[in-house]
Amino acid sequence: MSTSGLPSPDDDFPAWYVEVVRRAELAEHGPSRGSMIIRPHGYAIWELTQRALDDRFKATGHENLYFPLLIPMGLLSKEADHVEGFEPQVAVVTRGGGEELEEPLAIRPSSESIIWNTYRRWVQSYRDLPLLYNQWANVMRWELRPRLFLRTTEFLWQEGHTAHATSDEAMAEALRMLDVYRQVAEDVLAIPVFPGRKSPGERFPGAVETFTIEGLMRDAKALQCGTSHFLGQNFGRAYDVTFLDADGHQEHAWGTSWGFSTRMVGATIMAHGDAAGLRLPPAVAPIQVVIVPIYRSDDERASVLATADGLRADLATAGIRVRLDDRDQHRPGYKFAEWELKGVPVRVELGPRDVAAGRAVLVSRLGGDREEVALADVATGMVGRLADIQAALFADAIAFRNANSHQITSFDAFATGLDEGGGFWTGAWCGNEECEAEISARTKATIRFLPIEPREPGSACMHCGRPGVDTATWARAY
RNA sequence: CGGGGCGUAGAUCAGUCUGGUAGAUCGCCUGCUUUGGGAGCAGGAGGCCGCCGGUUCGAAUCCGGCCGCCCCGACCA
């Protein structure tokens, strides 16, 4: 732990991010290129996010299962768009048992291929459908430009893979899971997101439609926070997953897949952090309340720690994740700074004066204002206090996102506005991929999303002037 | 793959140009004093100077080769 300050997020956001991740002990680089060691404080955030997702998957009728890490290359290659899209990013095992392998094994970049290859045997009748499965796994994509949490060669995620008897049912599933992602991003991570549909150029390889939730980070750059894909019958056909429908017709199954990853730990850092470090939403804060005892003499130490431990027990009983920081080697000021850096939502200060008066001093990570609260009332009021902080963080992020979301009045205004302040920019688009590519080349922005249902803007494309066929939202993104 | 940088103590880095007993700061350990916003003093531990070879009486330093990592761009959750 260093004793000097962080880089300013306003002056150098990337440096601020790297330093926060390192000093808050969230993660560090692994020994191989692009790899990440997730430390306990970072992993705990992921575990809480996992639980929030998994509860919602179960509530919507899904079950967990697990498929192998290694995928025979021949299997991966069956869906043409899929293999072409992933080819540059796939790591391949060519040796095993001291010998060259007959058939190389891909380390999964995603599991559609191995799962649909298995669904072929699991599905014969419409009565076998739907299959509503999810797996928690690591995947590997040989990224050229790694960045802790946001883009590492290996990352942790969940991938849902469902099979359905009808197109409508599969589409409904893809949109239902997109909404689950929206709920977790907004209600748990306190990151407001726009749900939408990707342009054809930004689609998942092998998907018919890709849906996304898009968030805005503190530097006004966008981040894709989760994706849900409507696969049509592409994988059903490629892996020959067929069933007899109620009328006795042989049909290919319809599919979806959807993923949410450890990237969202990075998003949580970048959506809420400030000059002092992390500001964690209470819902995913590994420590929601830290108690910092203050004392001089041994007598004071004994009485303060006794009272503090009672307070800790009360808070734990109330279901709150609480830590009593009784380390003797650091003074209070050091602990204040450290727990602020680590994003703990509420700090409780307890000194001899407080013990004598039967109260504690509560300080919120958001405002920093100090409040004296009777000891008996600390635990009972804490659940509500944490809920208030959760809501305030979300409101703060919404205000920031809204202040940085703009309607495009002209291409020049859009390009200039992007240079000056980033943010989301929404305007009429002709639907032409070449036009999209030209805009991207000129502005370094990409289409983040289109409306779920195409929306005719009733005006000309902001770039080429042809008739607008859809309403695109652009941003520079991670 | 293109451009840039770096491998020296747990961390960050100086020392390399100009070869001559391995350094600083933070952190760590011990003791004392401290403790309501990142404490002070004293003592101490900790190094195949990325790897291999060469030049030299002598190499962290010069020469050759190799390996690895980081940053910026193209690919992406």
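Sequence lines set the chain letters: A, B, ... in the order given, protein chains first and strands last, and positions in each chain run from 1.
- In this structure, F155(A) and G30(A) both approach RNA chain B, and ranking their closest nucleotides by distance from the 5' end singles out G30(A).
- Looking at R197(A), its side chain does come within 3.5 Å of a backbone N or O of P451(A) through a donor-acceptor pair.
- Closest contact between the side chain of I294(A) and the listed nucleotides A77(B), G36(B), G73(B) involves G36(B).
- If you check distances only, the side chain of E340(A) never reaches the base of G38(B) with a donor-acceptor pair under 3.5 Å.
- Here the separation of G10(B) from C32(B), taken at their C1' atoms, is 26 Å to the nearest Å.
- The side chain of R145(A) lies closest to C75(B) when the candidates are A77(B), C75(B), G36(B).
- Using modelled atom types and a 3.5 Å distance limit, the side chains of D219(A) and Y478(A) yield a donor-acceptor pair.
- Looking only at distances, a side-chain donor or acceptor of R263(A) sits under 3.5 Å from a matching main-chain atom of Q224(A).
- Nearest-nucleotide positions on RNA chain B place P352(A) closer to the 5' end than the other of K444(A) and P352(A).
- Among the nucleotides A77(B), C75(B), U35(B), the one closest to the side chain of L144(A) is C75(B).
- No contact: R147(A) has no heavy atom under 4.0 Å from any strand.
- Using a 4.0 Å heavy-atom cutoff across all strands shown, L223(A) reaches no nucleic acid atom at all.
- Across all strands shown, G7(B) pairs with C67(B); the Watson-Crick or G-U wobble distances both stay below 3.5 Å.
- The aromatic rings of F424(A) and F449(A) sit perpendicular, their planes meeting at an angle over 60°, well past the 30° parallel limit.
- Note on T262(A): nothing from the nucleic acid sits closer than 4.0 angstrom, heavy atoms only.
- Distance from the side chain of R331(A) is smallest to G36(B) among G36(B), A74(B), G73(B).
- Donor-acceptor pairing under 3.5 Å, judged by distance alone, is absent between the side chain of R33(A) and the base of C69(B).
- Applying salt bridge (Lys or Arg N to Asp or Glu O under 4.0 Å) to E214(A) and the options R182(A), R448(A), R401(A), K221(A) leaves one that passes, R448(A).
- H29(A) has a side-chain polar atom (N or O) that falls below the 4.0 Å cut-off from OP1 or OP2 of C70(B).
- Remark: C17(B) base-pairs with no nucleotide in the shown strands. Criterion, Watson-Crick or G-U wobble with two distances under 3.5 Å.
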